[in-house]
Amino acid sequence: MAGLRAWVAQAPPGARVPSTRALIAEYGASPVTVQKAVHVLASQGLVESRPGVGTFVRAARTVRPPDYGWQTGALRSPRALPPPATPLRGRLPDAIGLHSGYPERGLLPERLVRAALARAARADVALSGSDIAGLPELRAWFANELARATPTGTTPPAPRDVVVLPGSQSGLSSTFRALVGFGRPLLVESPTYWGAILAAAQAGVRLVPVPSGAGGPDPDEVARAFDETGARAFYAQPNYANPTGAQWSPELAGRVLDVVRDRGAFLVEDDWAHDFGIDSEARPVAARDDAGHVVYLRSLTKSVSPAVRVAAVIARGPARDRVVADRAAESMYVSGVLQAAALDVVSQPAWRSHLRALRHQLRARRDLLVDSLAEHVPDAHLEHVPPGGLNLWVRLPDATDVDRLVRDCEAEGVMLAAGAEWFPAEPSGSFVRLNYSGPDPDRFPDAARVVGRALRR
Ligand SMILES: Cc1ncc(COP(=O)(O)O)c(C=O)c1O
């Protein structure tokens with residue numbers, strides 16, 4: 001009934017909406033469809049029904065623009081929070097979206113997710129609350145995932161060490177609040193995930209950048225930063241880091257773990273891309289620690305579905321208790337429907353075959369984008385081809401005005417993310433992050449052509 005909506009939009013306030021009979025004749029719709037359409041317009045305040053009289057187009061209520069200026073006086077100056085990042089922006093119609101952080105639908109286990117949600121809707125969880133730390137079976141699954149990577153001689157995590165989260169973003173906030181605290185220093189790789197920078201700003205945590213790149217951070221630099229600042233925690237992504245795609249070697253993981261242990265500190269390990277290995281498997285550092293030094297975050301949001309937003313933090317000892325206390329204050333518990341659906345998906349045999357197929361899809365996309373850049377953007381420098389994850393981290397000539405490049409490309413239908421958002425301090429160069437998990441990979445060569453042209457301008 002788009003025609004009726006269009007008619008209402010151009011009709012003067014107070015105009016009488018034609019009778020149901022007239023609308024049926026005009027639009028060839030059934031009486032139920034017409035009544036539903038009028039009901040929707042009424043619920044949106046566009047028309048009003050006067051019983052016994054008829055239905056009328058409503059006058060626009062606002063006669064002057066509202067003035068919210070008083071709020072600035074009441075709220076005073078804001079604490080400086082960075083603006084929401086580019087990857088959260090939707091895709092403009094028909095644009096090629098290399099900016100986004102979330103995989104497109106074709107990369108998700110759609111059939112498993114739909115069936116799991118339908119089953120969860122019929123189960124008791126649809127009408128009940130959940131434990132603060134999450135459903136016991138899901139906690140056991142997360143613990144077991146990490147236990148599978150745990151070497152013999154190291155005590156694997158137990159289900160009680162697991163706290164289920166509504167996405168790992170809120171786990172970052174809780175971890176920073178509970179284990180670092182307001183005004184205290186936190187070491188982070190530079191560049192690092194913009195959402196971690198945001199969560200730290202919100203928690204009032206002071207970031208201390210440690211340079212990192214295709215090979216991960218230098219453990220001596222990590223040690224120096226700990227010693228100079230007195231920090232007690234280091235946030236890092238040892239597997240397929242966002243944005244660089246770096247994966248730490250087992251040797252580097254061991255050395256960083258030694259640094260952390262020697263200082264009685266924590267490694268906050270964000271294993272966001274665990275399911276997105278391409279040339280390798282993710283190797284959680286947490287699997288090598290049973291003394292509670294590694295606080296491990298594992299998300300299913302991007303691999304199961306952005307709508308089944310479930311993640312977990314695995315922490316041991318008092319650190320775990322503090323995270324639980326923070327979660328209780330923050331949100332009490334995660335919807336049991338989403339937890340049950342996530343568990344259902346990852347427990348199906350088809351989940352493993354989905355992950356195997358995904359690896360091939362991601363490899364084809366990554367390689368196509370790498371080849372397209374090599375052909376059409378010769379000035380772009382890729383320090384390495386990432387062995388996993390969803391992104392290429394591309395360095396551009398130093399004189400590049402990256403914001404302008406992003407605007408120019410967007411005007412030609414290609415959306416990119418400017419690299420500055422991933423730096424906790426000044427950017428160390430001109431970068432863009434290109435995500436290869438968005439829709440229409442066939443158009444990657446076109447996108448690269450646009451970037452190449454804009455860069456030459
Ligand atoms: C490195 C990293 N950590 C955490 C998150 C947050 O993920 P979630 O959707 O689980 O909150 C993201 C999302 O982009 C990410 O890239």
Side-chain angles (χ1 to χ4, degrees), residues 85-104 106-107 190-194 211-215 240-247 273 276 278-279 360-423 426-457:
T86 313
L88 289 184
R89 287 184 58 200
R91 194 163 57 99
L92 297 172
D94 206 38
I96 308 174
L98 301 176
H99 68 298
S100 166
Y102 287 89
E104 66 136 327
L107 297 174
S190 175
T192 191
Y193 167 49
W194 58 264
S212 193
Y240 321 131
N242 175 5
T244 60
Q247 181 175 34
F276 302 136
I278 299 177
D279 302 328
H360 296 298
Q361 287 170 294
L362 290 178
R363 177 177 293 121
R365 284 162 168 264
R366 178 199 66 183
D367 293 350
L368 177 60
L369 190 54
V370 169
D371 292 346
S372 305
L373 290 176
E375 185 173 349
H376 301 294
V377 199
D379 284 342
H381 175 68
L382 258 187
E383 206 181 323
H384 74 148
V385 174
L390 305 177
N391 307 297
L392 299 185
W393 182 236
V394 181
R395 182 155 191 175
L396 302 172
D398 281 345
T400 309
D401 179 344
V402 180
D403 290 336
R404 184 174 156 197
L405 178 84
V406 169
R407 276 198 308 276
D408 288 353
C409 289
E410 192 163 314
E412 292 195 49
V414 177
M415 299 179 75
L416 322 171
E421 292 175 23
W422 279 264
F423 284 95
E426 293 80 1
S428 60
S430 300
F431 291 90
V432 282
R433 194 199 72 167
L434 306 182
N435 184 298
Y436 45 82
S437 70
D440 302 333
D442 297 349
R443 295 168 74 200
F444 286 172
D446 296 341
R449 247 179 244 118
V450 167
V451 177
R453 260 201 321 268
L455 201 55
R456 281 192 296 277
R457 236 174 264 146

Which residues share a side-chain contact (heavy atoms from CB on, under 4.5 Å) with Ala454, sequence neighbours left out: Leu405, Asp408, Cys409, Arg457
Sequence neighbours excluded and cut-off under 3.5 Å, please list the side-chain donor-acceptor pairs for residues 436-448, or say none.
unit_1 : atom_1 : unit_2 : atom_2 : d
Tyr436 : OH     : Gly389 : O      : 2.8
Ser437 : OG     : Asn435 : OD1    : 2.6
Asp440 : OD2    : Arg443 : NH1    : 3.1
Arg443 : NH1    : Asp94  : O      : 3.3
Arg443 : NH2    : Asp94  : O      : 3.0
Asp446 : OD1    : Arg449 : NH1    : 2.8

Would you mind listing every side chain to side chain donor-acceptor pair (under 3.5 Å) that reaches into residues 370-389, with sequence neighbours excluded? none
Which residues pass the side chain to side chain donor-acceptor pair (under 3.5 Å) test with Glu104, sequence neighbours left out? Arg365
Side chains of Pro386 and Asn391 in contact at under 4.5 Å (non-hydrogen atoms): no
Are side-chain heavy atoms of Arg453 and Glu412 found at a separation under 4.5 Å? yes
Heavy-atom nearest pair, Gly452 first then Val377, reads N-CG2, 3.8 Å
On a heavy-atom basis, which atom in Met415 and which in Leu92 lie closest, and how many Å separate them? SD-N, 3.4 Å
Test salt bridge (Lys or Arg N to Asp or Glu O under 4.0 Å) applied to Arg407 - qualifying residues, sequence neighbours left out: none
Within a strict 4.5 Å, meaning less than it, do heavy atoms of the Gln247 and Asp279 side chains meet? no
Nearest 0.5 Å, what's the CD1-CD distance between Ile278 and Gln361? 11.0 Å
Identify the two heavy atoms, one from Leu455 and one from Pro397, that lie closest to each other, and give their separation to 0.1 Å. CD2-CD, 4.4 Å
Compare every heavy atom of Pro191 with every heavy atom of Trp393, then report the nearest pair and how far apart it is. CZ2-CG, 3.8 Å
Residues that Asp401 engages under side-chain contact (heavy atoms from CB on, under 4.5 Å), provided they are two or more places apart: Asp403, Arg404
Minimum heavy-atom distance between Ser430 and Thr400, given as atom pair plus value: OG-O, 3.5 Å
Test item: Leu373 and Leu434 side chains (from C-beta on) under 4.5 Å apart, heavy atoms: yes
Would you indicate whether the side-chain heavy atoms of Leu107 and Leu362 approach each other to under 4.5 Å? yes
I want to check something: taking the side chain as every heavy atom from C-beta on, are Trp422 and Phe431 in contact at a cut-off of under 4.5 Å? no
